[in-house]
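Naming: A, B, ... by sequence-line order, numbering from 1 per chain.
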Amino acid sequence: MSERELGFLRIGELARRTGASPELLRAWERRYGLLRPTRSQGGFRLYTAADEARVRRMRDHLSHGVAAAEAARLALAAEAAAPAARPPEVAATAPLQAAARELAAALDQFQEEQAHEVLDRVLAAYRIETVLRDLLIPYLHDLGERWARGEVSVAQEHFAANLVRGRLLGLARGWGQGHGPAAVLACLPAEQHDLGLLAFGITLQRRGWRIVYLGPDTPIATIHHAIGRITTDLVVLTSTVAEHVAANADAIADLARSTPVALGGAGATAELAARTGAHLLDTDPVTAAERIPTPAAPRRSGRR
Amino acid sequence: MSERELGFLRIGELARRTGASPELLRAWERRYGLLRPTRSQGGFRLYTAADEARVRRMRDHLSHGVAAAEAARLALAAEAAAPAARPPEVAATAPLQAAARELAAALDQFQEEQAHEVLDRVLAAYRIETVLRDLLIPYLHDLGERWARGEVSVAQEHFAANLVRGRLLGLARGWGQGHGPAAVLACLPAEQHDLGLLAFGITLQRRGWRIVYLGPDTPIATIHHAIGRITTDLVVLTSTVAEHVAANADAIADLARSTPVALGGAGATAELAARTGAHLLDTDPVTAAERIPTPAAPRRSGRR
Amino acid sequence: MSERELGFLRIGELARRTGASPELLRAWERRYGLLRPTRSQGGFRLYTAADEARVRRMRDHLSHGVAAAEAARLALAAEAAAPAARPPEVAATAPLQAAARELAAALDQFQEEQAHEVLDRVLAAYRIETVLRDLLIPYLHDLGERWARGEVSVAQEHFAANLVRGRLLGLARGWGQGHGPAAVLACLPAEQHDLGLLAFGITLQRRGWRIVYLGPDTPIATIHHAIGRITTDLVVLTSTVAEHVAANADAIADLARSTPVALGGAGATAELAARTGAHLLDTDPVTAAERIPTPAAPRRSGRR
DNA sequence: ATAGGTTTTGTCAAGCTTTTGTACAT
DNA sequence: ATGTACAAAAGCTTGACAAAACCTAT
C-alpha cells in the first residue's frame, strides 16, 4: 500500500501475489463476497490494491485458525471501520459537529488523507460559508485553545493549520478575477494568523467581490502601494493583538482618510476603530463578510 | 491483540486456544451452561472472545483444585452486566415543516442563497434520512402538485429541482465506494424525474450499500451491460408513469430472472411488479430503502 | 538518405533499446494508445525519449505480472501524476490530457472513487476554468463520440455524465448569490444535455455574475416568467440540435427584443443567431463565458 | 468415546471466451 | 507500414467432489 497503484490486477497476478489460487479467490468471492472486482469488457475480473490487502487480511486470519467464513467477515469488517468514509452513526444528531470531531481526530494524528476526506465530504454537502463558519473557524478556535492549554503540540498545531491553509487557498483560487468591487486584505505588521482573513476573503469573493490578498505581516506602506495600483473599494486589516493595532493607529487613520477600512481580529476593539476611523468587524469572519455592503450596486436594466 | 477477536471462533480453534478438547467444551456447555455459542447457518457453534475468556477462567479454577461444577459457577459469575448507553433519538419534525415552508418561499423567489442556507441549517442538525423524508420529499411532492395546479411556473420548478439535485448529488458523493452490496439505480426510459431515486440511493448507501447511478431515461438493455461489469445485488428502476413501466415489462421481467429487481415511483403498481417478478417499492424512497434487506452473505452455494 | 532526426528514434532503434519487437510496439500503440509517435515525411514513426521511458515502464509492469492492458494504463497514468506535483498552471495541458485518460479509464469501469480522486487532484492543481476547458469538456466530447461509435454503452455514458454533473453542481453551489449582473441559463425544449451549460455558468459566476439556472428542457415561455421576477442582464439558451433551435426561433426572437440573449451549443448556428437577434456563442463554453462583457461596469469609489 | 450423518472449504474439470504476442499477406 | 489472422496463455462459469471439521445421540 505504498504507492499510488491505481492499476488493476487480473486474477492470476492477484493469486501470485497473495498465494491463494484463482479457484480459491473465486470461491471466496462467491461464498463470502470477499471480493467484488469490476470486470473488463470481456468479463475478466479486475482487482485493485484494496482487494489485495483484503485477501492478505483473510489469509492472516486463516493462519490464526479462524474459520474461512469468519475470516472473510473480519477482513471485510476491517474496511468499514478504518477509512472513516462513513461516519458510523456517531452523534447522529449533529452531523456537522460529528464532522468537526472527525477532523480534529484526523489532524491530531497527522492523518492528512483522512482529514482531506472529511473536508471533501463536508464541502460536497454544505455551502462553503457554512463549512467555514460552523466547522473550520470553530475548529481553529478550539485548536488554539487546546494549544494554549498545552493539550496540543506545536507540531500538531502547525500541521493542522497548514493543511487548512492549503484548502482555504484552494477555495480562494481565482478570487482576484471578475468585475466586482475590489477589497485589499492584509494582516497588520507582526501578525501571522491569516486563516480568519482567508475565510473572510473567500466569503466576500463569493458575494461578488474581487480580492487582493497581501497576507500576514504586511507593512501599512505596502498597502498604500497596492491601493495606488488597483481601484480599491475596501481595505481589511486584522490583528489578534490590540497593541499591534495601536502601534499602527496613526497609519491606519491616515489610510482610512482615503479609502474605507475595516478592522478585524481579536485585537480590533471599538475604541481603536473609533480612533482610526475604521469600520469594526466584531463577529466571525464569515458573518462579518456577509454584512459588508456592496458599494454602489450598478443599476441594471431589463430593457435594451 | 484486541480487535482481531471481534470475530467468531469455531469449536476446534477455541479448543486449540484454551487447551480444552472440543468434547470437553461441549460437555461443559451441556452440563453447566458455561457457554452459549451462537450457531452458524449449518449449525456449527460460534464462540466469541468473551467465551474464550470464560473458558480460561474455568480452567484456571480447575487447576486450583476447584470442582468442575463450582468452577463453572465462578467463571460465569465473574461476568457483570454492562448496560449499553442508548443514543437519544431526536424526532421532532415540526421544525422541519417550518423549514420546508422557508425553503419553498426561497425557491419560489429564485433565492438561491436563502435556499442553501435553510438546507445547510437543517442538514447540520438532522440526520440525512430525516431531512430527505420529512423535508425534501414532501417539499418536492408539494412542488409537483402546485405545478400541476398552475401555481408554480416551469421556471420555478426547474430552478428548484436543479438546486435540490445539486444538493443531493453532493450528499451522494462517494456512494460508489466501499465493499458492501451493490445496487444499480436507474430511471426507466422516458423518465426524467430522478430526485426520488437519488434520495433512495443516498439512504441505501448510508446503510452500507454501494451505489452505481445511471440516472434518468436509461434503456433497460444498457443495465445488462452495467451488471456485466459490476457484481450487482439489486437493480432499482423507477418511473412515474405506469404506461412506461408496462411498455418495458418484458425487458424488466427478463432482467429480474437474473438479478433481484425493485420497482418504484408512482408508475410502479402491484400488478406490474407481479407481472415482472420485481419487488414493489410502495412507500417513500427513504422508507423503501430502509426496508431493503442487506444480503448478509452471498448464499449462492450449490447445495443439493 | 535522410535528414538528421534530432533526438528521434525510429521503431527499429526503439525496439532494440527496449527489447520489444517492432510488431509489438505497433500493437501496443494500436491497442492501448501507449505511443503517439510523430511521423517522418515518408511515414516512419519517430519516437522521443519520453516514449522510450513509457515503454520501459510498460515492460516493467509486465514483468511484475500486470496484464498488458493495465500495464499500458499505468504507464500512461504515471505521466499524469508526476508533472502535476510540480507548481502548476502555465497552460501545460499535457498532464491534463493524461488526467483525462485516467478519468476515462475510471469512469468506463464504473469506478466512482478513482474518478473523484482524479478530479480532486486536478482541481487542487489547476484553476477551475482550466479544468473545465482542458479536461472535462474534452472528456465529455470524447465520451459522446465514443458513444456514437458504440464503444461506450449508454450505462457508461449515463454513469459518467451523472458523476460529472454532481461535481459541476457542487462547484456551482452558491452561484446565485452576490451582487453582480444576473444571467438566466436554460436548455431549449427537448434538450437534455446541460453539462456544457453548467460549465458556462460556473465560468460566468467566477467572473462576477449571478446565475439563475433552469436546466434541461425548458420552455421558452417560462423564461419570461423568470425574467419577470429577476432583474436579468442576459439569457443563455443552448441546444445540440439546430432543428430544435429553429423550431423555437420566433419565441427566441421575441425574447431577444426585451433582453440580451446568447445562443450556444452545437445546434446554434450563425444563421439562427442572426435570425433571432441573439448573440452567437461559437466556442467552448468556458471561452464563451470569458468573452461575455460585463454590462455597464459600475464606476467604483476610491476617491483620488 | 464412538458411530453415523452434515457442513464447510479447498480443489478440480469440462467446455467456452478473452487477451495478447507473433506471423504473414498486401 | 498496415491490417488481418492465429494460437497459446489466461480467464470464465457451472458443477462436482472429498477431506476436514463439526453435529447429535448413544
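- The 5' end of DNA chain E is approached more closely, in terms of each residue's nearest nucleotide, by A/L46 than by the other of A/L46 and B/P22.
- Atom pair A/E13:CD and D/dT19:P shows a separation of 18 Å (rounding to whole Å applied).
- Under a 3.5 Å cut-off, the side chain of C/E112 and the backbone N or O of B/W175 do form a donor-acceptor pair.
- The nearest pair of heavy atoms linking B/T231 to A/P37 is OG1-O, 3.9 Å.
- Distance B/E23 CD to E/dA21 P: 13 Å, rounded to the nearest Å.
- What separates CZ of A/F8 from P of E/dG11 is a distance of 16 Å, to the nearest Å.
- Taking every side-chain heavy atom of A/L62 into account, D/dG10 is the closest of E/dA5, D/dG10, E/dA10.
- Residue A/F44 has its side chain nearest to E/dG11 when only E/dG11, D/dT22, D/dT9 are considered.
- Here the nucleotide nearest the side chain of B/S40, chosen from D/dT8, D/dT20, D/dC12, is D/dT8.
- Between the side chains of B/R229 and A/Q41, at least one donor N or O sits under 3.5 Å from an acceptor N or O.
- Between A/L24 atom CG and D/dG10 atom P there is a gap of 5 Å when expressed in whole angstrom units.
- Checking the phosphate oxygens (OP1, OP2) of D/dT8, no side-chain nitrogen or oxygen of A/Y32 falls inside 4.0 Å.
- To the nearest angstrom, C1' of D/dT9 lies 14 Å from CD of A/E70.
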**Message:** Evaluate A/L46 against A/R39 for side-chain contact (heavy atoms from CB on, under 4.5 Å), listing each step before the verdict.
**Reply:** CA-CA 6 Å; A/L46 298 175; A/R39 303 290 186 124; over 6 Å; no
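- When the side chain to side chain donor-acceptor pair (under 3.5 Å) test is applied to C/E29, the partners found at least two apart in sequence or on another chain are C/R45.
- For E/dC22, the OP1/OP2 oxygens have a side-chain nitrogen or oxygen of B/R10 closer than 4.0 Å.
- Salt bridge status for A/R54 with A/D60: absent, with no side-chain N to carboxylate O gap under 4.0 Å.
- Considering every non-hydrogen atom in both B/I252 and B/L263, the closest pair reads CD1-CD1, 4.2 Å.
- Map C/S21 and A/A67 each onto its nearest nucleotide of DNA chain D; the residue landing nearer the 5' end is A/A67.
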Considering only nitrogen or oxygen atoms on both sides, find all protein atoms under 3.5 Å from nucleotides 24-26 of chain E and state each distance.
| residue | atom | partner | partner atom | Å |
| --- | --- | --- | --- | --- |
| E/dT24 | OP1 | B/R39 | NH1 | 3.3 |
| E/dT24 | OP1 | B/R39 | NH2 | 3.3 |
| E/dT24 | OP2 | B/R45 | NH1 | 3.1 |
| E/dT24 | OP2 | B/R45 | NH2 | 2.9 |

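- The CG-P distance, from A/L14 to E/dG11, rounds to 10 Å in whole Å.
- Whole-Å rounding puts the A/E29 CD to E/dC12 C1' distance at 11 Å.
- What separates CG of B/L9 from P of E/dC22 is a distance of 11 Å, to the nearest Å.
- Note on C/W28: every side-chain N or O is 4.0 Å or more away from OP1 and OP2 of D/dT20.
- Of all heavy-atom pairs between B/V212 and C/F110, the closest is CG1-CD2, 3.9 Å.
- Between B/Y47 and A/G12, the one whose closest nucleotide on DNA chain E sits nearer the 5' end is A/G12.
- Between E/dC23, E/dA16, E/dG11, one nucleotide has an atom nearer to the side chain of B/I11 than all others, and that is E/dC23.
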